[in-house]
Each structure stands twice: as C-alpha cells, then as structure tokens.
Amino acid sequence: MKVFLLLVQPFLWASKNAKINHFFAILDKIIAGINKNIAVTGLALGVVITALNVSVRYIAGFYPEIGSLTWAEEVSRYCFLWSAFFGAAYGFRKGVHISVTMLVEKFPPFLAKTCVIGSHILNSLFLGFMFYASVMVCYLNYEIGYMSEALHNVPLWIFLLCLPFAFLGATYRSVEKIYESSFVEAEKIAKKAEDEMIHDSVNKE
C-alpha cells in the first residue's frame, strides 16, 4: 500500500500544479487541432480529387486525347485514409466512439470505476501496440523500397505515416482518459463518462 501511495504522489502533485495543467491544456489543443485539421483537409481533398477525376474521365469520352488523371485514384484513397485515421484519433478526445454504459451504471461505484479505468487501460495497450506495428510497417516499406503505384517517385511509406501518427495521438488520448478517470469519485464515474460523451457529441469546435 505504501508503494502505491508513493507512486501516486507525483500524479497528485501534477494534478494540482497550475503550470503543468496549463502545459497539458496547450498540448491538448495542439494535438486536437492537428487531428481535426488533417481529418477535414484529407476528406476535402479526397472529395475534390475524386470529383475532378470523374469529370476528366467524362470529358475524355468525347476528347480521348485528354486522357485521364492516372494518379487521382491512389491519391484520393490515401487522402481518405489520412482523414479516417486522424478523425478516429480526434474521436478519442471527443468521446464519440461507441460505448455502452448501461451495465457500468448498475455496478457498485468502486467496481464501475475499476471497469472504466480498466477499459481505458486495455484501449491504451491495444493502441500502443498498433502504434508499434504501424511504425514497423512504415519501416518495412522503407527498407524494401516500395514506391507509389501512380506517383512512381514517391516512396509508399510516406503515405503510410498516417498510421503511426494517428495511433500515437489516439494512445495519448487513451492514457489521458486513465489519468482523468483516476481523479473522479467512484460514485460519479459512470455519470461523468455519459455526460462527457453527450456534451462532446453536441458541442462542436
């Protein structure tokens, strides 16, 4: 028990330190801004490129000499990929991923808090593993020297960088949830998780 209390002391001190809280508040806005902007930009570019490619192909039916945008399909696919992964990472911050709190609400307070923190720990372990695996995927593509199918001068690993960056951001968010949940009273943990999900789903930034 004494060892546990010693381990908890730095976190208790950090939670009450205004400078540390201010630093993490700024870091929170930076990470959220990066995730949101890349998700929105990727989606917008993907839609524009796809629409442009369809238009060019339609016109090429009347004027074959125009040809088609050979790179458009692959680039738009990667734009949607970046948008999806960074949007998912942003979703961890907003608490909009699907979750069921019905059972947790029926549990005794201590058990409910244990389940909530346990779920965040499992999430963090999974996302941390996916971050490691995605780094290995990028490194393997770098070692082999795979190039883009359409943009032959662009290495494939550059397009795949969305994976480690997105999973790293999601892992940070999941660990952040562990930290936040640790300081919530057991009697309020289920209600707080539900209220947070509703609030963040309704309020837009």
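Only heavy atoms go into these numbers, but all of them, side chains included; no hydrogens, no water, no symmetry mates. Only a predicted model underlies this, so the values are computations on that prediction, with no experimental measurement involved.
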Item to check | Main-chain N/O of L127 paired with T171 side-chain donor or acceptor, under 3.5 Å | outcome: yes

Checklist outcome for this item: NZ (K177) and CG (N123) are apart, to the nearest 0.5 Å, by 11.0 Å

Item to check | Single-linkage hydrophobic cluster, 4.5 Å side-chain cutoff, L122 and V175 together | outcome: no

Checklist entry - According to a 4.5 Å side-chain heavy-atom criterion applied to Ile, Leu, Val, Met, Phe, Trp and Tyr, with indirect links allowed, do V135 and Y78 form part of one hydrophobic cluster? => result yes

Checklist outcome for this item: Across all chains, not counting sequence neighbours, the side chain to side chain contact (heavy atoms under 4.5 Å, CB included) partners of I178 are I117, H120, I121, S124, S182

Checklist entry - For the hydrophobic clusters of this structure (ILVMFWY residues joined by side-chain heavy atoms under 4.5 Å, transitively), does one cluster hold both L81 and M130? => result yes

Checklist entry - Do F85 and F129 belong together in a cluster built from hydrophobic side chains that touch within less than 4.5 Å? => result yes

Checklist entry - How is the hydrophobic cluster of L43 composed, in terms of its other members, when Ile, Leu, Val, Met, Phe, Trp and Tyr link through side-chain heavy atoms under 4.5 Å apart, directly or indirectly? => result V47, F80

Checklist entry - What distance separates L69 CG from T50 OG1, expressed to the nearest 0.5 Å? => result 10.5 Å

Item to check | Trace of the side-chain contact (heavy atoms from CB on, under 4.5 Å) decision for D28 with R173 | outcome: CA-CA 9 Å; D28 177 77; R173 289 300 177 195; 2.3 Å; yes

Checklist entry - With I49, which residues qualify under side chain to side chain contact (heavy atoms under 4.5 Å, CB included), at least two apart? => result W71, A72, V75, S76, C79

Give the table of side-chain donor-acceptor pairs shorter than 3.5 Å for residues 156-170, with sequence neighbours excluded, one pair per line with atom names and distance.
none

Checklist entry - Do you know the tightest heavy-atom contact between E73 and N53? => result N-ND2, 4.4 Å

Next on the checklist: Test question: given the 4.5 Å side-chain rule for I, L, V, M, F, W and Y, name all other residues clustered with V54, or answer none.
Outcome noted: none

Checklist entry - Given F86 and W82, is the ring-ring contact (aromatic ring centres under 6.0 Å, His included) satisfied, shown in steps? => result CA-CA 6 Å; F86 277 91; W82 280 66; 5.6 Å; yes

Next on the checklist: Count I, L, V, M, F, W, Y as connected when their side-chain heavy atoms are under 4.5 Å apart, and connections chain through other members. Are V137 and Y132 then in the same cluster?
Outcome noted: yes

Next on the checklist: Under the ring-ring contact (aromatic ring centres under 6.0 Å, His included) definition, can you give me all pairs with a residue in residues 33-62, not counting sequence neighbours?
Outcome noted: Y58-F62

Checklist entry - So how far is it from F131 CZ to M136 CE, rounded to the nearest 0.5 Å? => result 9.0 Å

